[in-house]
Amino acid sequence: MLAALSAAQWVVGKALAPVADGLLEAWDASKRLGLNIEALRMELLLVQATLETASRKQIDGRAMEDLLGKLGRSAHSAEDLLDELDYFRIHDELHDMHDATDQHAKGCFHDLALNARHTAKAVLGLSACSSAACCPGEPGEVEGAGRQVSCCIWPCGSRQRYHGNSSSTPSTNQVDEDGGCMLKLGKLLPCSYLPHVRDDHSGQPTHSGAPRRATPMPGFNRVDVSERMKRVIEQLQPVRTEVTKVLQSCGHMTVPDIAKTRPITTGQSIEPKLYGRDRIMNSIIHDMTKGKYRSKDLTVLPIVGPGGIGKTTLIQHIYRNQQVRNHFQVVIWVCVSLKFNLNKLLEEIETYEGEKYGRVEELIEQRLRSKRFLLVLDDVWEFSDEDDWKRLLLPLKTSQEKGSIILLTTRFPIIAKMVETTDHIELEGLESEQFRKLFLRFIFGDGPFKSDHNFLLDTGDKIMEKLKGSPLAAKTVGTLLRKCLNLRHWRRVLESKEWERRTGTNDIMPALKLSYDYLSFHQQQCFFYSALFPEDHEYSTTELINLWIGLDILQPSTQNQTLEDVGLMNLNDLVTHGFFKEEETNGRVRYVMHDLLHDLALKVGSHECLTVHHSNVGSVEIKPSIRHLSIIIDDDHTMSGESFKSQLRKLKTRLKVKELHTLMLFGEMDESFAQILDYLFKEANALRFIRLVDMPSFAGSTLPNNSALVHLRYLCLGTKYTREIPLAISKFYHLRILDLGWWHGCCDLPKDLSNLAKLRRFYTPSDELHSHIYNVGKLTLLEELKVFKVNKESEGFEPEQLEHLTELRELGMYNLENIHTKEEATKAKLIEKNYLERLTLDWDTERSNSEPDVEEVVLESLQPHRYLQELSIRGHGGPSCPTWLGDKLTVEALQSLHLVGVSWQCLPSFGKMWDLHTLILKHIAATKEFVIEQTFCGLRRLELVGLANFEKWVPSQDVHHMFPLLQVLVIRDCPKLLELPFSNRIVYPLDQDWNIDWFPKLQELQIENCPEFLSVAHIPWTETLHSVKIRGVNLLEKLEYSKSSYRVGLEIVGKGDRQMLDQVLAFNNLTGLEQLMLSAGSFSSPCCFLFPPSLQYLIISGVEGMGTLETLSNLTSLTRLVLENCGEDQSCKGLGPLLAAGGQLRELLVYGSPRFFVGWDPNPRRVLQDGGGEGHELLASSPNSSKLQELCTDEAMGLLAAPICSFLSSSLARLHLYGNQKMKCFTKEQEGALHLLASLQELEFSMFDKLQSLPAGLHKLTGLKRLEVRSCPCVRSLPEDGLPESLQQLDVWLCNNEELKQQCRGLAGTIPKI
């Protein structure tokens, strides 16, 4: 009932909006239309007063709900009507029309003619038609004119038709006087298009020689409007009267205590087994009894999650755990529920220790003072007063025992943030395997699962996917499925989402809806309208707020509050209450809605909202009150595309298309789908919100070309085809948001786009398109104008266009060299734009000449207001910065400052910019020093680019930090810079204490094209650092480091012998490094443990000086090692520990070290002498088998030795031997060693230029599956003793030997693949 009442109040408030300022009545009076708008306004006010009275009364019952629904529907009609009138009022203002249509004394035909004249003016912008300008016509032409006018959406009432007899045909004069416009309109406007004037003033066709066509205006029929107004009043009055009578007998409103409907929880769980939470439970118990909380004072640990996620069940199992019971001397369970009543709560805590006399707080303090306690506060919803929480803690904090705990559960992250003393635990859905066990238990019980139910599991798995791991959802749906274990029932539950209709206290939807009921009406609207987007959609802040603005949900409560302010408040509240979850990826914040909450939103909004997709298009219930529709073209294969389209066509008979306010389309549509869309919605003239981001190339009469959409508030269009922007958009006078960000076709804007006087936001595929708005000064509500190019020579682009744009949040002024005087600059009135947050001031760097004195004055006159947050100045040719940025700083709230190519002799002092987060300096020749200010303690991003004379960093006298919050540091094209500010060379004042952390939050570091830069070794390898890119510095060609969730890697390329790579950076600081690539350099003095032990992947190429691999012996996690061209002295000594025992090496690639394996014995023997002089040969401590699986090398001669191959025999599966220039054949010893590789499955011989034959005895490799011979031109045959029977693939290529080819062909049929 409350929802119906709130909805009716909201609609009535919207209906009254057009008449709130009196403009509509004034227009009616000035045009002498006699529409009696005041009567409708008065009736709406009476309805509003009635609804306000109802909100204070105790009302219920289905009948009253139906009456309120009727009032709402009639109010919708009133809103539509007044909105239309306001549309024509705006049109008249724009086109200066003074001859409003009136009832003509000569009858209905003349009234029709006058209406047609008004329509003609609306379309053609003509002055009043005179009889001389219009050609007389035949009677049939007059009748035809009437038919053409009827194409307009407002019916013209009854029409008198004239026939050919003399008695009924009007005179020629009559036709000239009243019907001349009709004749001309009939010939020119069969709902067709007219040429459109482009803003190049050329009058030439814009594309392919064809002029663009303007869209006709809808006609205005005063008679019809009057009749509709009368009808709306007649609908409202009797219902209002009846509601008033009913209210007289109703008592005053009593606020329902929904807390009474909440079950009271206890410490005893009805679920004997806890599924999927063992790890979290054990972690909490350990931290409480043995871990980090044991030695602390009182700890408050909140557990957060949506309803039904299992918070209470988890802490019940913790509460009853025997280890917990033994650890805490007092354990107390209190179910708080919706009302946080401090006195009642204290009493419940006190009663756990028996009854005594005295103040409750004192008794609690006495009893707990010497005891360690566990207090559980379950299901906390709110604190009526934050001080209540502090008062609750006062007696609890007096405990002298360490390790007391308050465990608290809540649905709301904001509650957790308020009370936590340690990071809260956020419960997600159960993992799929554990959820499956729980789900099946609710269906089949604790007994063993019967195999004869297997046929149900596929459907069960699909149902589980929709429940997203919610334990309460598993219980609700499991109970449903248990009733009937047959496939038909299970599929019906799946397809209908039957669990949404379950209303029991312990069902999932009522549990979730309780949170929904807790929201205000407008927050509820924001929530359920958001579900018009598909499941799993990642919402942006802008997307949500634009949706709510387009649907007129947001209602500012104060004059200074903007729609965006209200939208952000609602969004934050929805996040706080757990309806959205905030996620950040690559610096972009997105919001996601849990699937069950999405289902809840569709359910509670089902009286207004409908989502259609493949799976429900034929069966979905369509209520008569539906006004918001989204169509999702998904990849569901349960229905063919043609069947889907066929079902969509049938929607026309089930849906009240004329009453639709919202149409959203997701997914790509083809031309036939676009035709269906036209068929379905050509009469949907009440639309306020349209989202079509994948429009096809089909250029038919799609919705945005329908000028009858006079109510439109939001329009989002997109296409990847070459299409022109529909010209009708400039006729949507109520439009607030125009989103062409997805439009990748032709982007010529209509010249009269500035007619959209209510436009607030205009999104474009490129910012440049903003500069094409002609007469932008008429868009007084515009919030973003990213590019405005000053052009005094072209009308509509003068500086004064900006004068009245007082709502701007972002402004980019370009071509400022075209402003020459202070007076011209001040016309922009930047200082009066109180909402301006982001400002760009740009002088063309390629201008032919610069006037420094003039530019100095101009910039001084472009002073913005004091609360500006982001400022960018580019190409300014004046000698100094403006005073408002310098000595007399007024923009103290700046968070971002971007200076590019300015000619200032010195930079402004940043010492007063305490909010500065981003500082970017580019191409400023005068900068020699960078002063580190104390105000940089908040700096997050610093970019220094193209500073040709920048040499050193200079800390100011009062600085006591080294960029403690800096996350991004970029330095490029600074040819004289030697070092970073944290290197040893920087000069600090001798009397200054530098006991500070350097760059503790740094995440990205980029240094490029700084040829004198030396100090790479001093990079701060902090835990937060995830990206380093250094190129073109003194001793390195490249250093790139990246750290992500799946890998941590580093690549270093030196400059040959000039750089000792072990001195480039401290490898031991790179804890966690997994991948390392080194090339072009050498090691000065190799030592053990050069690299961090976390390495898993190591490539060393062209680096000499290691000699042995003993420096790698600590790399017990290494799985892949590549050594390329590491010098002739490089040996494999030290390789053993990587291959066996604790080693993990699986792949080894060695090239360009010709003596790498020579003489290596992985299992050396040593002789021990006994007392009698006898020698006993014993194995040394080295392991006798390896874990190596793949080996690639060009050192076959050294590798094929019995000790080595015996060592590798148990694990090596792939061996790739690359040739050398000398080897002609394999020796018997080498062949015998090769035969020892019993695990070998793949063997490759490549690029042996002089090898005459393959090794004999390959048939002894009984596990070999693949043999490849590549680029061995001297090999003329396969081994005479044959190939192994296990061989499945033989590859021989680039050997250029016909004999070998023939031999391979002869093996066809014996080897599966050749």
Side-chain angles (χ1 to χ4, degrees), residues 741 761-773 776-777 779 782-792 797-803 805-819 824-847 850 855-878 881-882 884-886 889-904 907-908 910 913 915-924 941-943 945-946 970:
R761 301 181 176 187
F762 180 28
Y763 301 102
T764 56
S766 70
D767 296 344
E768 178 70 17
L769 204 57
H770 278 196
S771 68
H772 298 173
I773 304 175
V776 71
L779 304 179
L782 196 66
E783 295 179 1
E784 291 183 346
L785 182 58
K786 295 188 177 181
V787 179
F788 175 78
K789 294 184 177 180
V790 176
N791 185 353
K792 295 184 297 181
F797 299 96
E798 310 88 345
E800 53 264 34
Q801 288 288 330
L802 304 177
E803 180 178 357
L805 302 185
T806 56
E807 298 292 319
L808 283 175
R809 272 70 170 168
E810 179 173 358
L811 171 63
M813 294 183 68
Y814 290 77
N815 297 121
L816 290 172
E817 66 277 4
N818 292 329
I819 298 181
E824 291 175 354
T826 53
K827 287 180 180 179
K829 294 192 175 180
L830 297 189
I831 201 167
E832 296 180 10
K833 303 188 190 314
N834 294 326
Y835 298 111
L836 193 64
E837 298 172 355
R838 301 174 294 280
L839 174 64
T840 297
L841 302 174
D842 187 285
W843 283 257
D844 187 356
T845 55
E846 297 181 2
R847 58 191 183 275
S850 175
E855 293 184 14
E856 182 178 26
V857 171
V858 169
L859 181 56
E860 188 67 41
S861 304
L862 292 173
Q863 178 178 347
H865 75 101
R866 61 185 304 182
Y867 297 115
L868 188 74
Q869 295 179 17
E870 299 178 21
L871 174 64
S872 178
I873 301 176
R874 301 171 184 162
H876 182 243
C881 72
W884 48 264
L885 188 62
L889 181 69
T890 59
V891 286
E892 295 181 359
L894 270 185
Q895 296 180 5
S896 174
L897 179 60
H898 193 157
L899 303 176
V900 180
V902 297
S903 302
W904 305 343
L907 294 176
F910 307 116
M913 302 180 187
D915 283 338
L916 201 61
H917 292 170
T918 300
L919 178 60
I920 300 176
L921 306 177
K922 294 184 178 181
H923 310 298
I924 304 174
R941 185 181 190 94
L942 175 62
E943 291 188 30
V945 178
V970 177

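Because the structure is predicted, anything quoted here is derived from the model rather than measured.
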Exercise for the section: Kindly indicate, with the supporting measurements, whether the criterion side-chain contact (heavy atoms from CB on, under 4.5 Å) is fulfilled by Y763 and E784. Expected result: CA-CA 9 Å; Y763 301 102; E784 291 183 346; 4.2 Å; yes
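The shortest non-hydrogen separation linking F797 to F788 is O-CZ, 3.5 Å. Nearest heavy-atom pair across L862 and A825 is CD2-O, 3.6 Å. Taking all atoms of both residues into account, the shortest heavy-atom contact from E807 to R809 is O-NH1, 2.6 Å. Between M813 and A828, the shortest heavy-atom contact is CE-CB, 4.3 Å. Taking all atoms of both residues into account, the shortest heavy-atom contact from S903 to G877 is OG-CA, 3.8 Å.
The line from CG of L830 to CG of L868 is 9.5 Å long, rounded to the nearest 0.5 Å. To the nearest 0.5 Å, the span separating NZ on K922 from OG on S872 amounts to 9.0 Å. For the atom pair L779 CG and F762 CZ, the distance stands at 9.5 Å (nearest 0.5 Å). The CD atom of E943 lies 9.5 Å from the CG atom of L921; values are rounded to the nearest 0.5 Å. Between the NE2 atom of H876 and the CH2 atom of W904 there is a distance of 7.0 Å, given to the nearest 0.5 Å. The distance from atom CZ of R847 to atom CG of N815, rounded to the nearest 0.5 Å, is 10.0 Å.
Under the 4.5 Å side-chain criterion, counting only non-hydrogen atoms from C-beta, W884 is in contact with E860. Between L899 and P908 there is a side-chain heavy-atom pair separated by less than 4.5 Å. Using a 4.5 Å heavy-atom threshold, the side chains of Y814 and R874 count as touching. Looking at L871 and L885, their side chains come closer than 4.5 Å, going by heavy atoms from C-beta outward. Residues K829 and L802 form no side-chain contact, since every pair of their non-hydrogen atoms from C-beta on lies 4.5 Å or further apart.
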Please list, one pair per line, the donor and acceptor atoms closer than 3.5 Å that link side chains of residues 889-898 to other protein atoms, with sequence neighbours excluded.
residue, atom, partner, partner atom, Å
T890, OG1, Q863, NE2, 3.4

Review item, side-chain donor-acceptor pairs of residues 836-845, under 3.5 Å, at least two apart:
residue, atom, partner, partner atom, Å
R838, NE, E810, OE1, 3.0
R838, NH2, E810, OE1, 3.4
D844, OD1, E846, N, 3.0

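Residues passing the salt bridge (charged side-chain N to carboxylate O under 4.0 Å, His left out) test with K827: none are found, sequence neighbours excluded.
Using a distance-only test at 3.5 Å, with no hydrogens or angles considered, a donor-acceptor pair links the side chain of Q801 to the main chain of V776. Checking side-chain atoms of D767 against main-chain N and O of V787 turns up no donor-acceptor pair under 3.5 Å.
No donor-acceptor contact under 3.5 angstrom links the side chains of N834 and E832, judged on distance only.
Here the options are L805, L782, L785, the test is side-chain contact (heavy atoms from CB on, under 4.5 Å), and the partner is L811; only L785 passes.
The pair K789-E768 meets the salt-bridge criterion, since a charged nitrogen lies less than 4.0 angstrom from a carboxylate oxygen.
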